[in-house]
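A quick note: this is a predicted structure, and the numbers were derived from the prediction, not measured.
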Amino acid sequence: MKDKKNSSLNLNEELKQVEKRLLQLIQKRTKLLSKIARHRMEQNKSPIDTYLEKTLWNIWKKHLQGENQRFFRQLFSILNNTSYSKAESKKSRDKPFCLYPKTHPINFSTSAPLSLFQATVSVVLSTISTTETHIEPFPLNDPLVELIKALNQAGGRISWQEDSLHAGPANLTFEGKSFFLGEHETTLYFMLALALTEAGSCKLNASPGLKILNLKPLQDFLPQLGARLTSIEPQSYNLPARLECSGKIPSEITIPSAISPFLGIGLIFTSLLLNKKLKITFANLPKEIVELDHLLQKWGVSIQTENSTITVRPSELKCPVPFSLEADPLLSAHLLVLPYITSGSVKLEGIWPGYSPRAKFVEKLFQEIGLNFNPSDFTSQHNKALSSQFSFDLEDFKEFFPFVLALAIIQKNKAIIYHKLENSLLEPGLELLSFLNFNFKTHPEYLEIEYSGEKNKTNKVWTSPSALWTLSYGLISFKFKGICLENPGSITQIWPKFWKIFQSIPFGQVERKIEEQKGEPSRRRIRIG
């Protein structure tokens with residue numbers, strides 16, 4: 001009877017039914033493997049049961065005879081790593097909490113969040129420098145700690161405290177070592193680039209989030225640099241992998257569009273470490289090059305940029321004394337914009353990098369929304385809000401999408417955001433709009449958001465897909481008081497002190513309540529006022 005019913009369906013409808021059953025099975029598989037991984041972690045074991053993985057893969061192979069097993073091995077690895085990542089995040093997950101910021105005028109002053117890009121580059125520079133390096137204050141977060149630990153595995157001499165970093169000159173060696181890279185691509189590209197300086201081989205491994213990265217483009221490209229990257233798991237393009245290097249790097253390199261430009265930035269460090277002139281041409285010159293050039297000059301190194309090609313002429317690398325990191329334009333914008341939401345003023349203590357493309361983008365955005373921003377004294381002040389429709393172009397600054405979307409949601413007019421985002425980057429924003437019950441329309445080059453008053457508030461708990469979306473949600477809470485967040489701890493990826501600052505903004509006395517709701521998980525309720 002069931003077959004007869006299915007036979008009456010057209011192919012599209014039958015496929016939809018299969019898709020639903022497939023997703024249900026994937027969710028069930030993810031949940032089961034995640035439980036097994038968590039149980040192992042509770043026993044201080046690795047979340048990965050290698051014997052179980054081999055057993056499961058043998059089941060796949062048995063049913064995949066005659067199929068492209070390399071492709072299915074990729075799928076198998078992705079499904080497993082999704083479960084392990086879920087197990088690890090579940091282990092440290094916070095109780096959901098709800099945000100109740102009040103919107104009284106503010107008069108607020110605090111230290112500016114420091115540039116994460118400059119901090120990341122400075123960690124590497126301090127390792128290959130010929131002098132002792134001390135940087136204070138220093139914005140430690142999860143990715144920076146992972147990078148520091150990886151460099152120390154190679155022989156780095158980096159130590160850190162809560163707000164400072166110290167490093168001495170180091171002789172890096174990679175031969176025969178096994179490196180754990182954590183969750184972040186930047187660490188992979190920088191460590192890989194440094195490893196190219198030495199003939200020999202090493203192993204690269206990472207957390208589940210980074211294991212999902214497809215290494216095929218890198219594997220195809222690295223022979224041009226005298227290296228080979230081979231995945232250790234059979235028929236896989238993922239970490240863990242073995243890196244074999246000849247130690248011979250050509251003097252001219254072209255980074256294709258399929259390769260992250262951060263590998264090209266890493267090759268600048270390679271040039272400095274080898275004391276070798278290097279010409280690097282990018283398919284797409286990263287906007288970070290302007291900030292990198294400015295930073296390198298402070299360390300005694302200059303790079304020449306011509307069109308999409310940069311030339312590195314190595315010189316002795318010395319940390320300037322004194323040395324201070326500049327402010328991070330994107331993170332600072334989340335504080336500077338508060339007077340636009342609540343009125344009043346904000347002053348940040350630090351150095352605004354007005355020369356950088358990201359800083360100029362922030363200034364342009366503030367001008368667009370009618371916020372008075374003075375870069376020279378690092379202050380923002382409420383002005384009469386613009387009454388016209390909110391319209392802004394993201395240009396190539398994809399990382400600003402969560403921030404700009406938050407502003408579009410907060411203001412009281414219809415909004416249009418012009419963008420060049422791939423679906424994978426656009427989808428989290430669309431999901432957030434749906435979560436908040438907004439009406440919106442998607443177009444090939446822009447997103448149109450309808451303003452619909454205060455009816456959008458939801459009683460559901462949102463799970464942020466990344467730290468930048470967590471920041472965005474914090475701003476949105478000024479409009480929709482009481483919206484709840486399941487994973488506030490995700491902010492430690494970029495700005496561990498954010499919630500402390502958020503709660504200390506002087507709207508009044510900070511009050512915390514634990515709110516138990518019948519039939520619902522416990523929620524930590526943060527009330528400001």
Please lay out, stage by stage, how F373 and F366 fare under the test ring pair (Phe, Tyr, Trp, His ring centres under 6.0 Å).
CA-CA 7 Å; F373 173 56; F366 286 167; 5.7 Å; yes

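In this structure, I310 and I268 have side chains that are in contact, with non-hydrogen atoms separated by less than 4.5 Å. Using a 4.5 Å cut-off on side-chain heavy atoms (C-beta onward), E132 and P169 make contact. Contact of the L263 side chain with the F221 side chain is registered, since non-hydrogen atoms from C-beta on lie closer than 4.5 Å. Using a 4.5 Å heavy-atom threshold, the side chains of F378 and L336 count as touching. For the pair S464 and Y473, the minimum side-chain heavy-atom distance is 4.5 Å or more. In this structure the side chain of I255 never reaches within 4.5 angstrom of the side chain of P261, judged on heavy atoms. Looking only at side-chain heavy atoms (C-beta outward), T127 and F269 stay at 4.5 Å or farther from each other. For the pair L447/F401, a side-chain contact is recorded, criterion being any heavy-atom separation below 4.5 Å from C-beta on.
How far CG of L222 is from CG of L243: 7.0 Å, rounded to the nearest 0.5 Å. To the nearest 0.5 Å, the span separating CZ on F190 from OG1 on T270 amounts to 10.0 Å. The line from OG of S490 to CG of L485 is 6.0 Å long, rounded to the nearest 0.5 Å.
The list of salt bridge (charged side-chain N to carboxylate O under 4.0 Å, His left out) pairs with a residue in residues 319-338, not counting sequence neighbours, reads K298-E326, D328-R358. Sorted by first then second residue, the salt bridge (charged side-chain N to carboxylate O under 4.0 Å, His left out) pairs that include residues 308-319, not counting sequence neighbours, are E316-K318. For residues 195-204, no pair satisfies side-chain hydrogen bond (donor to acceptor under 3.5 Å, both in side chains), with sequence neighbours left out.
Checked against side-chain hydrogen bond (donor to acceptor under 3.5 Å, both in side chains), E427 has no partners two or more places apart in sequence or in another chain. Qualifying salt bridge (Lys or Arg N to Asp or Glu O under 4.0 Å) partners for K31, counting only residues two or more places apart in sequence or in other chains: none. For A406, the side chain to side chain contact (heavy atoms under 4.5 Å, CB included) partners two or more places apart in sequence, or in a different chain, are S472, L475, I476. Shown here are the side-chain hydrogen bond (donor to acceptor under 3.5 Å, both in side chains) partners of E288, two or more places apart in sequence or in another chain: there are none. Residues satisfying the salt bridge (Lys or Arg N to Asp or Glu O under 4.0 Å) test with E422, not counting sequence neighbours, are K398. Judged as a salt bridge (Lys or Arg N to Asp or Glu O under 4.0 Å), and not counting sequence neighbours, the contacts of E395 are K364. The side-chain hydrogen bond (donor to acceptor under 3.5 Å, both in side chains) check on S302 picks up nothing, with sequence neighbours excluded.
No hydrogens or angles considered: nothing links the side chains of S260 and E185 as a donor-acceptor pair under 3.5 Å. Between the side chains of N80 and R29, at least one donor N or O sits under 3.5 Å from an acceptor N or O. Under the 3.5 Å distance criterion, with hydrogens and angles disregarded, no donor-acceptor pair is assigned to the side chains of Q118 and H294. Counting only N and O atoms by type, the side chains of H166 and Q161 include no donor and acceptor under 3.5 Å apart. Between the side chains of E363 and W352, at least one donor-acceptor pair of N or O atoms lies under 3.5 Å.
Ring planes of F498 and W495: tilted class, angle from 30 to 60°. Using bins of under 30°, 30° to 60° and over 60° for the plane-to-plane angle, the ring pair W462/W469 lands in the perpendicular bin.
Atom CD of E306 has 12 or fewer neighbouring heavy atoms from other residues, nucleotides or ligands inside a 6.0 Å radius. With a 6.0 Å radius and a threshold of 12 heavy atoms from other residues, nucleotides or ligands, D396 has its CG atom at or below the threshold.
F138 and F323 have their aromatic ring centers separated by at least 6.0 angstrom.
Across all non-hydrogen atoms, the minimal contact from P329 to V362 is O-CG2, 3.7 Å. Contact detail for S356 and E291: the closest heavy-atom pair is CB-OE1, 4.3 Å.
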Please output the side-chain donor-acceptor pairs of residues 276-285 that fall under 3.5 Å, not counting sequence neighbours, one pair per line with the distance.
from, atom 1, to, atom 2, distance (Å)
K276, NZ, I249, O, 2.1
T281, OG1, T309, OG1, 2.8

Side-chain polar contacts of residues 224-234 - donor-acceptor pairs under 3.5 angstrom, sequence neighbours left out - could you list them?
from, atom 1, to, atom 2, distance (Å)
R228, NE, E244, OE1, 3.0
R228, NH2, E244, OE1, 2.9
R228, NH2, E244, OE2, 3.4
S231, OG, Q219, NE2, 3.2
S231, OG, S236, O, 3.1
S231, OG, N238, N, 3.1
S231, OG, N238, O, 2.9
E233, OE1, S77, OG, 3.3

